[in-house]
Each structure stands twice: as C-alpha cells, then as structure tokens.
Amino acid sequence: MNFRSTRARLALGGAILAVALLAGSALKVQAQTSQRWLHVRVDNPDDKGEMVRVNLPIALAELLVSSVDHDQLHHGHVNIGHHADLNGVDLRAMLDAVRTSPDGEFVSVKNRDQDIRVSKQNGYLLIHVNDLNRRNDKDRQEVQIRVPLSVVDALVASSKGGDDLDVGAALRALAAHGDTDLVNVKDGKQTVHIWLDSKNDGD
C-alpha cells in the first residue's frame with residue numbers, strides 16, 4: 001500500500017469536504033439573512049386565552065403550496081370559480097386599471113352598519129372594513145388589509161384563466177418586499193395579525 005498516495009488522497013478529500021462545508025455554511029448564512037418569514041398571530045382571550053402562532057419561511061410556504069393537489073388547490077394554483085362569481089369579469093384588465101391609475105380611493109360605502117373603503121396608496125392596495133353595528137367599541141369589528149400591488153399582479157399574471165390564481169407566484173413576489181403588515185382583524189373577542197419580516201419568530 002502506498003501510504004503517501006493514501007495520505008495525499010485523504011488530504012485532498014478533506015480539503016474538498018472543508019471547501020464544500022464552508023460554501024454550504026456561507027450559502028446557509030446568506031439564505032438566513034435574506035429569508036423572509038410569514039407570521040400569523042391569533043389571540044382569543046375570551047376562550048381560555050387561546051393563542052395561535054405560525055412562523056413560516058416564505059420559501060417553505062411556497063414549497064408546501066406547490067406540493068398540494070387537493071380540492072381547489074392544484075400545485076400552487078387555486079381555482080375560485082366555485083367560491084366567487086367572476087363571470088364576465090376580466091381580473092387582468094381590472095388589475096391593470098388599478099395598477100396604472102393614480103393613488104386614490106376607489107370604493108367608499110358607508111351606512112349605519114358598515115364603513116367600507118378600498119384605495120390605492122404608495123404601491124399598496126388597501127381595504128378597510130369597519131363594522132358600525134355594535135353598541136360598544138369593545139365588540140366592534142375592524143378589518144385592515146394591506147397588500148402590495150406587485151403581489152396582486154403576480155397572483156393573476158401567471159394564472160391559467162379568469163378563475164385561477166397563482167398563489168406560488170404571489171408568495172415569491174411577497175418575499176421580495178420588506179417588513180409589511182398584511183392583515184389586522186379585531187372583533188372584540190379575538191385579534192388576528194398577519195405580517196412579513198426577516199425574523200424567525202413572531203415576537
């Protein structure tokens with residue numbers, strides 16, 4: 001047996017392994033620093049203090065969504081034809097009109113029961129629903145949704161039809177954004193908060 005040759009091969013193999021580990025560690029650190037996390041927080045103090053916490057990397061969320069083929073969700077695409085009346089509505093044309101229009105309030109509905117507003121501001125689609133049909137402020141329901149227009153655009157840009165939404169593309173577009181509040185719901189009994197940032201916990 002040629003010990004010099006064996007030692008040389010071991011040394012070469014060790015060097016290759018060390019380089020591979022260092023490269024892998026560098027890629028892992030880079031991925032961790034640039035990774036975006038989707039957080040969901042639900043608090044229900046009236047139901048024995050029930051809490052729900054979900055902290056999910058956007059890349060993992062996209063992988064999970066793309067792997068599902070069940071009911072209306074097919075490999076990252078969801079068909080909403082059975083859940084919404086979109087007959088005669090061109091989602092792409094509607095989105096393009098919203099995207100190219102100047103900032104402003106598009107829809108405003110107010111009656112004694114609800115105050116609903118839909119607007120565009122600084123690249124975001126904003127939806128605000130305030131339930132006024134409550135006797136006290138504690139039970140009043142309020143919903144605030146703040147969605148980047150690029151995410152809405154991605155949701156329909158790669159879709160296969162008017163009733164199809166590309167959830168995977170929307171998640172990829174969302175990952176390109178900075179810290180963003182997406183959904184806030186308060187109804188007196190529970191609060192729901194959905195947001196995006198670079199932290200791996202929801203605190």
- Query: Do you see a donor-acceptor pair shorter than 3.5 Å between the side chains of D181 and H193?
  - Reply: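 Side chains of D181 and H193: pair found under 3.5 Å.
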- Query: Under 3.5 Å, is there a donor-acceptor pair between the R117 and H128 side chains?
  - Reply: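 Checked: R117/H128 side chains pair up, N/O donor to acceptor below 3.5 Å.
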Distance-minimising heavy-atom pair for [X] and [Y]:
X    : Y    : value
N200 : N55  : O-CB, 4.0 Å
S198 : R36  : CB-NH1, 3.3 Å
H177 : S150 : NE2-OG, 2.8 Å
D197 : H39  : OD1-NE2, 2.6 Å

- Message: Do I145 and V109 land in one hydrophobic cluster if side-chain heavy atoms of ILVMFWY residues count as linked below 4.5 Å?
- Response: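 Shared cluster, yes.
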- Query: Is there a chain of hydrophobic side chains (I, L, V, M, F, W, Y, each step under 4.5 Å between heavy atoms) that links I194 to L155?
  - Reply: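 Yes; L155 is reachable from I194 via cluster members.
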Give, for atom [atom1] of [X] and atom [atom2] of [Y], the distance between the pair rounded to the nearest 0.5 Å.
X    : Y    : atom1 : atom2 : value
T180 : L38  : OG1   : CG    : 10.5 Å
N184 : R41  : CG    : CZ    : 11.5 Å
K120 : L126 : NZ    : CG    : 11.0 Å
D131 : Q141 : CG    : CD    : 5.0 Å
N130 : Q144 : CG    : CD    : 8.5 Å
Y124 : L182 : OH    : CG    : 8.5 Å

- Can you tell me if NZ on K186 sees more than 12 non-hydrogen neighbours from other groups inside 6.0 Å?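 Open: at most 12 neighbouring heavy atoms sit under 6.0 Å from NZ of K186.
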- Message: Counting C-beta onward and ignoring hydrogens, is there a side-chain heavy-atom pair between L196 and D179 closer than 4.5 Å?
- Response: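 SC-SC contact between L196 and D179 ruled out.
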- V192 and side-chain contact (heavy atoms from CB on, under 4.5 Å): which partner among N44, V185, D43?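 The residue from N44, V185, D43 that satisfies side-chain contact (heavy atoms from CB on, under 4.5 Å) with V192 turns out to be V185.
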